[in-house]
Amino acid sequence: MSEIESSEITKIGVIGAGAWGTALAQQSAKAGCDVTLWAREDEVVTSINERHENELFLTGIELSEHVKATSKLSDIAGVDFIFMVVPAQFLRIVLSDLKEHISENAVIVLCAKGIEQSSGMLMSEVVAEVLPKSPLVVLSGPTFAHEVAKGLPSAVTVASKYQQIALRLSTAIGLPTFRPYATRDVLGAEIGGALKNVFAIACGITTGRNMGDNARAALITRGLAEMVRFGEHYGAKRATMMGLCGLGDLILTCSSPQSRNMSLGIAIGEGKKVEDVMSGRRTVAEGYHTSSVLANICKREDLDLPIVMAVNEILHEGKDVEIAIMDLLNRPFVDEIED
């Protein structure tokens, strides 16, 4: 795979105009890039182009005039980097539609966090299957969209086996208030981003049950242990999951109802039915889908991830929340540090 030949990156395409996609478009524009933002909804395109605001998904943020919205995937042709910010379960179909419009040298920047439910594939594996010649970067880390869009200090992981490409991306979109940190461990970056959503649902459930900050801290810590256990099983580096895209993202997502996954858990902890909460949502809580895929993997690979299994049982098997919590609390005592 050859590196990008151009010395400067100026054209960015963002696929997906939800809150995070819009925030990344805004950040890229503030860093000096020309940005084309693809939206599925015509009203979002109109709102951004005519009023410089995504009134549907990122209200209250005045967007740069260098962010141009479109509903045509063909308008993404010719960009240097393509940020894929669609929900994980729709990544394959959008990539397939995009394929005819882009060159093989266009770098895919993967921002979706999750595991494909139908295949059990990580998002990078889906990209490799649909666009096997496209260089890949994973962008992940502890970020809430509104804070990035406002220019509040944030840091992310940029993971790629092509370090020159990762450096060029960091240079293109980085600012003192948006700091990219590079790694070669694509697998670790993806696993951290996917699993933290499930643990955020668990933390939300305990919050909705008024179980206290001690319980949430314990869940975050033991969730990290499960994340590392799962990642190392597949060859990811422990250090990656102790960084921004693992521990950092886990802490943020498990600590604020701004997190879609934590807010889902809070609603369930408060006694609302899973199906009612999911049907009333405009945005996607990726941990809902990821939990069932992870549970199947754990059974197949004989992996012990009790928090993951408990969340799956609550979301997909109808297990009573109180019983699931008591089953976790009554597990045998074990050593904290694994050999």
Side-chain angles (χ1 to χ4, degrees), residues 19 87-89 113-115 117 142-145 191-230 241 246-299 303-334 336:
Q89 306 310 317
K113 298 177 180 179
I115 302 175
Q117 199 166 28
T143 48
F144 284 141
I191 287 174
L195 269 67
K196 60 93 181 178
N197 288 327
V198 179
F199 303 130
I201 294 173
C203 285
I205 290 172
T206 62
T207 299
R209 272 290 201 269
N210 294 314
M211 297 181 69
D213 291 335
N214 292 353
R216 181 171 56 83
L219 274 175
I220 291 173
T221 309
R222 296 313 302 166
L224 178 63
E226 292 189 21
M227 182 186 295
V228 171
R229 189 180 308 141
F230 185 89
M241 289 170 286
L247 177 59
D249 209 357
L250 180 66
I251 291 171
L252 183 72
T253 313
C254 293
S255 302
S256 171
Q258 283 189 69
S259 160
R260 290 169 292 186
N261 293 281
M262 187 176 184
S263 65
L264 169 62
I266 289 172
I268 294 169
E270 290 174 340
K272 297 180 176 66
K273 293 182 179 180
V274 176
E275 56 270 24
D276 292 340
V277 179
M278 293 299 297
S279 65
R281 288 184 155 235
R282 183 189 297 276
T283 57
V284 177
E286 295 286 6
Y288 174 84
H289 303 287
T290 302
S291 62
S292 63
V293 182
L294 286 174
N296 290 332
I297 293 173
C298 289
K299 293 172 185 176
L303 287 169
D304 184 28
L305 273 64
I307 299 172
V308 167
M309 299 304 290
V311 171
N312 174 68
E313 288 168 346
I314 292 169
L315 295 182
H316 301 284
E317 298 178 9
K319 189 169 186 176
D320 181 78
V321 171
E322 202 65 36
I323 293 174
I325 291 172
M326 293 308 301
D327 285 348
L328 278 177
L329 293 176
N330 286 316
R331 282 174 56 84
F333 302 125
V334 297
E336 180 181 22

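Just so it is clear, the values below take in all heavy atoms, side chains as well, and ignore hydrogens, waters and symmetry mates. These numbers were taken from a predicted model, which means no experiment stands behind them.
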ask   = For the residue pair S256 and M262, what are the closest heavy atoms and their distance?
value = N-SD, 3.3 Å
inquiry  = Within the 4.5 Å heavy-atom criterion, are L294 and F230 side-chain neighbours or not?
reply    = yes
ask   = So V274 and I268, side-chain contact (heavy atoms from CB on, under 4.5 Å) or not? Walk me through it.
value = CA-CA 6 Å; V274 176; I268 294 169; 3.9 Å; yes
Donor-acceptor pair, side chain of S291 and main chain of Y288, under 3.5 angstrom = yes
key: Nearest heavy atoms of I251 and I220, plus distance in Å   = CG1-CG2, 4.4 Å
remark   = CD1 of I205 to CD1 of I314, rounded to nearest 0.5 Å, is 4.0 Å
inquiry  = To the closest 0.5 Å, what do you measure between CZ (R229) and SG (C298)?
reply    = 9.0 Å
ask   = With a 4.5 Å heavy-atom cut-off, do R331 and D304 have their side chains touching?
value = yes
inquiry  = Could you walk me through whether R281 and L264 satisfy the side-chain contact (heavy atoms from CB on, under 4.5 Å) test, starting with their C-alpha distance in whole Å, then the side-chain angles of each, then the deciding distance to 0.1 Å, before giving a yes or no?
reply    = CA-CA 9 Å; R281 288 184 155 235; L264 169 62; 3.7 Å; yes
query = Between F199 and G223, which heavy-atom pair has the shortest distance, and what is it?
reply = CE1-O, 3.2 Å
ask   = Would you say the side chain of L252 lies within less than 4.5 Å of the side chain of S259, judging by non-hydrogen atoms?
value = no
ask   = In Å, rounded to the nearest 0.5 Å, how long is the span from OG1 of T206 to CD1 of I266?
value = 8.5 Å
task = For atom CG of D276, decide whether the heavy atoms of other residues, nucleotides or ligands shown that lie under 6.0 angstrom number more than 12.
result = yes
query = Is E270 salt-bridged to K272, going by a charged N under 4.0 Å from an acidic O?
reply = yes
inquiry  = When you measure from the side chain of E313 to the backbone of V308, do you find a donor-acceptor pair of N or O atoms at a distance under 3.5 Å?
reply    = no
Non-hydrogen side-chain atoms of K319 and D327 separated by less than 4.5 Å = yes
note = Nearest heavy-atom approach of K113 to A88 is O-CB, 4.2 Å
key: Short N-O contact, R260 and E286, less than 4.0 angstrom   = no
V198 side chain reached by E226 side chain, heavy atoms, under 4.5 Å = no
query = So how far is it from K196 NZ to N261 CG, rounded to the nearest 0.5 Å?
reply = 6.0 Å
request  = Locate the shortest heavy-atom distance separating S255 from R216; write the atom from each residue and the value.
outcome  = OG-NH1, 3.3 Å
key: Point-to-point distance, once rounded to the nearest 0.5 Å, from CD1 of I297 to CG of L303   = 8.5 Å
query = Is the side chain of Q117 donor-acceptor paired with the backbone N or O of Q89 at a distance under 3.5 Å, no angle test?
reply = no
request  = Rounded to the nearest 0.5 Å, what's the gap from CG on L224 to CG on L195? Could you check?
outcome  = 10.5 Å
request  = For N197 and G193, work out which heavy atoms get closest and say how close.
outcome  = ND2-O, 3.4 Å
